[in-house]
Structures are given as structure tokens and as C-alpha cells.
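To find a chain, count down the sequence lines: A is the first, B the second, and so on, and within it residues start at 1.
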Amino acid sequence: MLDVRYLCDNIDEVEGILKKRGKDFDLSKIKELAAQRKDLTQTYELNQQKLNQNKHLMAKLDKKSEEFIQKRDEMKEISSTSKEAKVKLAEVMEQLDELVMFLPNLPQNDVPLGKGEDDNIVLRYWGEKPILDFEPKNHWDLDPNQNLMDFERGSKITGTKFTVMKKAAATMERALISFMIDNHLDSGYDEIFPPFVVNKEAMTGTGQLPKFADDAFKIDGMEYYLVPTAEVPVTNLYQNEIIPEDKLPLKMVAYTACFRKEAGSAGKDTRGLIRQHQFNKVELVKITKPEDSHKEHLALLADAESILQKLNLHYRVVELCTGDLGFSASKCYDIEVWLPGQNKYREISSVSNFLDFQGRRAKIRYKNKETKKNIIAHTINGSALAVGRTLVAIFENYQQKDGSIVVPEALRPYMRGMEVIKG
RNA sequence: GGAGAAUUGGCCGAGUGGUUUAAGGCGACGGUUUUGAAAACCGUUGAUGUAACCGCAUCCGGGGGUUCGAAUCCCUCAUUCUCCGCCA
């Protein structure tokens with residue numbers, strides 16, 4: 001969330017920056033509530049001070065004395081004034097929180113202005129499109145009998161957009177997870193295997209709640225949610241903690257299945273593996289000092305790219321414009337892999353710097369060694385990579401004329417030496 | 001799932017309604033001493049908010065209540081441990 005004090009002191013500036021996201025935000029109510037908060041806090045604290053002072057006086061008095069009884073009646077009144085202020089203050093804070101919680105992060109200054117996807121900027125390309133001397137197929141057409149990706153049986157046992165992976169595809173899904181994690185361990189990340197179910201506080205800490213409740217699978221009758229990304233459990237490991245400065249940056253890699261309702265994307269990508277309610281993802285998360293977050297953001301992007309490079313898959317890096325930026329992000333790069341079967345680039349990773357937006361929500365801080373002050377840490381994360389989409393990319397890029405699929409060399413040790421997949 | 005016990009600052013730990021406005025210890029940091037180190041001695045050492053500063057307020061697992069006053073009494077939830085049951 002945004003810093004309420006900064007917001008109130010710079011209300012016009014903040015309003016202007018938020019406008020870049022393509023929507024208008026009215027902050028006047030927030031300003032009003034913040035003023036009320038200040039008044040009520042003052043009333044409350046002044047009365048508490050009186051109570052505290054008299055508490056010690058009263059302790060020494062004879063409990064039956066006239067003076068004591070008089071003092072007690074006096075204190076009764078002050079106490080009730082104080083309590084009243086406390087109750088009102090809690091109400092104001094709740095309203096204020098609710099409003100601020102729904103405000104997205106401020107885009108960084110150098111994020112390109114734009115309304116949506118079409119205004120994103122392509123920064124660079126890596127590799128080249130594969131040369132195929134035949135008409136490339138979509139990944140689902142490479143497996144017409146659903147021997148590898150069984151969409152129909154997935155629907156039968158669960159529902160639409162749940163898929164059963166079989167045989168070499170199941171092996172590849174598992175191989176990719178290990179391959180990715182191993183590579184990131186070599187780059188100095190610590191491996192985490194978190195729960196796939198998280199509570200409301202964790203979901204709020206990283207920004208999925210309260211605004212995006214409709215996108216999450218909630219467990220019936222409990223305040224528990226299926227993780228939409230490993231970002232949620234992993235970032236929130238340090239929720240409400242003060243991390244010693246010399247432990248930063250924290251670099252973590254985690255695999256989880258990810259569960260998303262995909263509300264609002266009905267009708268998009270109705271075929272194939274691109275958009276599922278459950279998918280696998282290897283996620284990188286960093287917790288850094290503010291002065292390091294930009295550098296670490298770029299390094300994380302490079303770590304994500306390295307996986308595609310090792311698999312020799314052609315991709316491009318795109319910087320998201322202000323209108324396409326996610327709710328919690330201040331700056332974001334997408335990696336888009338080339339899919340010959342669909343003849344387009346598709347997002348396979350999203351690498352964001354949140355600055356202190358999640359850190360403030362989740363109360364992730366570190367102690368500055370010199371000043372001894374607690375400072376809100378910056379958080380960064382990115383997919384490295386979305387596993388299902390990587391499999392799709394391999395299928396479509398490594399397909400042969402006869403419909404078989406060559407296993408990328410780097411992946412073979414993880415697939416018991418398998419070189420070719422035949423559907 | 002059942003029964004019992006516990007939760008206090010970085011760690012250990014005292015504290016059963018008002019000099020606790022959280023003792024004491026360990027650790028850490030600074031100083032004295034020393035050729036250097038250790039030891040000893042002295043001092044400092046949690047968080048949040050607010051304020052230019054002195055300070056003030058809040059925090060004893062979370063939330064709520066009783067009271068003029070709560071770490072302390074009551075309710076509730078969470079977590080941990082022990083025993084029983086069930087189970088991969």
C-alpha cells in the first residue's frame with residue numbers, strides 16, 4: 001500500500017501519477033479521514049496521559065479516603081472520553097485502510113505512458129525463430145489423441161481448464177521444474193517449498209486481497225486460499241519481521257502449483273494449455289534494501305531469461321506501460337516466448353519491482369546497521385518460468401514434420417535421457 | 001478429534017489488580033584497564049506512531065471485555081509442547 005502520510009502531504013502529485021494508469025482516483029475522502037485521524041489520536045493520547053499520571057497518584061492513596069473517591073469519579077469521565085476517541089479512531093482507521101488498500105502502486109517515473117498492452121515497449125529480442133519447412137502446429141494439434149495432454153479427462157474429473165498431463169508430457173512438466181530450480185540454485189537462490197494454501201493476511205500482504213478476491217480460489221468455510229502464485233507464501237515468510245541488514249538481499253526460489261479463477265478472461269485461450277485454472281510455476285522472490293532494488297530487479301530478469309536461453313527458445317523482453325502495469329507493481333518486464341504454432345509471442349514470465357508497496361502492507365522491514373532505524377524492505381519477484389507455457393513453447397518450437405517433438409538437450413538429463421517424444 | 005500445560009524484549013527469565021512507568025541474567029555494542037587479548041569494572045542495548053528537540057502515547061501470542069487503573073481477572077481465537085485416538 002501507499003504511505004498514507006506521504007499521500008496526504010502530496011495529494012495532487014499522487015493523484016497525477018495514479019492517473020497515468022488510465023483511471024481517475026479521487027483522494028479527497030482519504031485526506032478528510034487522515035485529518036480526522038490526527039485529531040482523534042491527539043484527543044486519545046492526551047486523555048491517556050492524564051489517566052497514566054493519576055494512576056500512580058491513586059495507587060498511593062487510601063482507598064477509603066474522600067480524596068480517592070473524588071479522584072476516581074474524575075477519572076471515570078476522562079476514561080470514557082478516551083475510550084470514545086479510541087472507538088472513533090478505530091472506525092476512521094478502518095475506513096482509511098479500506099480506501100488506501102484499493103489504491104494501486106505508483107508507476108516509476110521512467111515507465112512508458114500508455115493505455116494497455118499495445119503501448120508496451122519491446123526492449124530486445126534474443127535468439128531467432130526456428131526455421132520449419134512445414135506448417136507448424138498448435139501444441140494441442142501435435143497431440144490429437146490426447147495421449148500427452150488430456151483435456152477431456154481433466155474436465156471430467158475436475159472441470160474446464162484443468163488438464164491431465166500424461167507420459168512424456170508429465171515427465172517434462174516435472175523435469176522442467178527441477179531444471180529451473182537447479183539453475184536458480186546455481187545463481188544463489190535458496191530453495192523454498194511452501195504450503196499451497198495461505199491465509200487472508202498473506203494474500204493481503206502481497207496485494208491479492210482485498211481487491212482481487214474474485215480471482216482466488218477460497219476454501220469453503222475458512223479464511224484460506226489456494227495460492228495464485230508462490231509470490232504469496234514466499235514473500236510473506238518475512239511478514240511482520242525485521243530482517244538483519246547483512247542478510248539482504250534475500251533470494252528465494254520456489255515451485256508451487258498456482259490456482260486462478262481467471263475471472264474476466266472468459267472466452268480467451270479456450271483451447272490448449274495457455275490459460276488454466278491450475279498451472280505450475282517456478283517463482284523467484286527477492287527482498288532487498290531500497291537502494292539495491294533496481295539492480296536486483298534487472299538481475300532477476302536476467303536469471304529468468306537464462307532458462308529460455310538454455311532451452312534455446314526465441315523470446316523478446318517487453319516493458320509494460322503505465323496502463324498495463326499490475327496493481328502492486330511499480331515497474332514490470334514481461335518475457336514473451338515465440339510460439340510458432342500460434343504465430344505470436346506469448347507471456348511466459350512477468351518480472352516486477354514492487355518497491356515498498358508490498359513491504360509496507362506485509363510489514364517486512366530491515367534494521368539499518370548505522371542508524372538503527374527500521375526501514376521497509378523492497379520486494380521483487382518474477383516467474384522463472386511458467387512451466388506449462390514453457391512446455392508449450394518446447395512442443396511448438398521443437399516440433400518435427402512427422403509430429404514428434406525433440407527434447408532440448410539441456411533437459412534430457414532430467415528426462416531419463418529421452419531425446420524425442422512421439423505422441 | 002479428545003485431555004492437559006504453555007506463550008513476557010535478540011535469547012533466557014521474574015512478575016497473580018496500583019512504586020513494574022516490565023526486575024534480573026545472557027548475548028551484542030561502547031568505554032576503562034592491558035604490549036595485545038581474556039577477565040574484571042562502568043555504560044548503552046525492543047517495536048510502532050507523533051514531534052524540530054525534550055517528550056508523549058501504544059505494544060507482555062491476536063482480538064474483545066471487566067475496572068478509575070490489567071502482563072496480572074474474564075471471554076474468545078491462534079500457535080507450541082505432552083499424552084490419547086486416527087492416519088500417508
Side-chain angles (χ1 to χ4, degrees), chain A residues 1-10 30-31 33-98 100-101 193-205 209-210 219 221-225 233 236-248 250 257 287 356-377:
Chain A
M1 65 194 288
L2 301 174
D3 181 352
V4 174
R5 206 173 1 147
Y6 178 83
L7 199 147
C8 290
D9 291 345
N10 305 277
I30 288 174
K31 200 172 180 180
L33 286 168
Q36 281 181 38
R37 183 176 84 148
K38 200 171 177 182
D39 283 353
L40 288 166
T41 305
Q42 236 162 36
T43 308
Y44 171 67
E45 289 191 358
L46 268 168
N47 280 290
Q48 284 301 111
Q49 193 179 344
K50 280 185 207 157
L51 286 174
N52 282 336
Q53 283 163 359
N54 281 286
K55 184 162 77 173
H56 306 295
L57 250 163
M58 288 179 79
K60 286 174 194 153
L61 289 178
D62 177 2
K63 306 294 179 281
K64 283 173 188 146
S65 70
E66 194 66 28
E67 203 186 348
F68 182 86
I69 291 164
Q70 196 190 330
K71 207 78 183 162
R72 192 183 60 191
D73 292 343
E74 196 184 312
M75 284 305 103
K76 260 186 189 171
E77 206 164 306
I78 294 172
S79 175
S80 87
T81 312
S82 174
K83 270 180 191 155
E84 213 173 286
K86 193 182 173 185
V87 170
K88 274 189 200 157
L89 184 62
E91 281 168 18
V92 168
M93 295 280 270
E94 204 185 338
Q95 289 177 49
L96 196 57
D97 261 6
E98 197 170 300
V100 177
M101 281 299 215
F193 193 75
F196 290 8
V197 177
V198 292
N199 60 28
K200 189 176 153 191
E201 287 71 28
M203 290 287 277
T204 306
L209 289 180
I219 294 182
M222 300 175 94
E223 282 292 350
Y224 285 164
Y225 299 82
N236 281 289
L237 288 175
Y238 291 91
Q239 173 201 97
N240 258 312
E241 292 197 25
I242 298 159
I243 305 164
E245 183 177 349
D246 51 23
K247 289 210 169 158
L248 298 181
L250 290 168
I287 297 177
D356 61 3
F357 189 83
Q358 294 182 329
R360 185 172 295 106
R361 281 182 170 240
K363 296 193 176 65
I364 303 170
R365 291 152 296 170
Y366 75 94
K367 193 176 279 294
N368 182 294
K369 263 188 171 172
E370 280 166 28
T371 63
K372 307 256 164 129
K373 292 256 183 200
N374 293 332
I375 296 169
I376 297 169

May His56(A) be described as stacking on the base of U21(B), applying a 5.5 Å centroid limit and a 30° limit on plane angle?
yes
Apply ring-ring contact (aromatic ring centres under 6.0 Å, His included) to Tyr224(A) and list each qualifying residue two or more places apart in sequence or on a separate chain.
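Here no residue qualifies.
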Nearest nucleotide by nearest heavy atom, which residue falls closer to the 5' end of RNA chain B, Ala59(A) or Gln48(A)?
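This one resolves to Ala59(A).
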Taking OP1 and OP2 of [N], is either one under 4.0 Å from a side-chain nitrogen or oxygen of [X]?
{"X": "Arg72(A)", "N": "U67(B)", "value": "no"}
{"X": "Lys367(A)", "N": "A47(B)", "value": "yes"}
{"X": "Asn52(A)", "N": "A57(B)", "value": "yes"}

Of the listed nucleotides (C68(B), A57(B), U50(B)), which one gets closest to any side-chain atom of Arg5(A)?
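It is U50(B).
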Closest listed nucleotide, where the reference is the side chain of Lys76(A) and the choices are C56(B), C68(B), G18(B)
C68(B)
Quick check: does any side chain N or O of Lys63(A) sit under 3.5 Å from a backbone N or O of Leu61(A), one acting as donor and the other as acceptor?
yes
Heavy atoms within less than 4.0 Å of RNA chain B: which residues of residues 77-90 of chain A have one? Give them sorted by number.
Ser79(A), Lys83(A)
Rounding to an integer number of Å, can you tell me how far [X] [atom1] sits from [N] [atom2]?
{"X": "Phe68(A)", "N": "C68(B)", "atom1": "CZ", "atom2": "P", "result": "9 Å"}
{"X": "Gln53(A)", "N": "G69(B)", "atom1": "CD", "atom2": "C1'", "result": "14 Å"}
{"X": "Tyr44(A)", "N": "U50(B)", "atom1": "OH", "atom2": "C1'", "result": "14 Å"}
{"X": "Asp246(A)", "N": "A28(B)", "atom1": "CG", "atom2": "C1'", "result": "13 Å"}
{"X": "Lys63(A)", "N": "G69(B)", "atom1": "NZ", "atom2": "P", "result": "14 Å"}

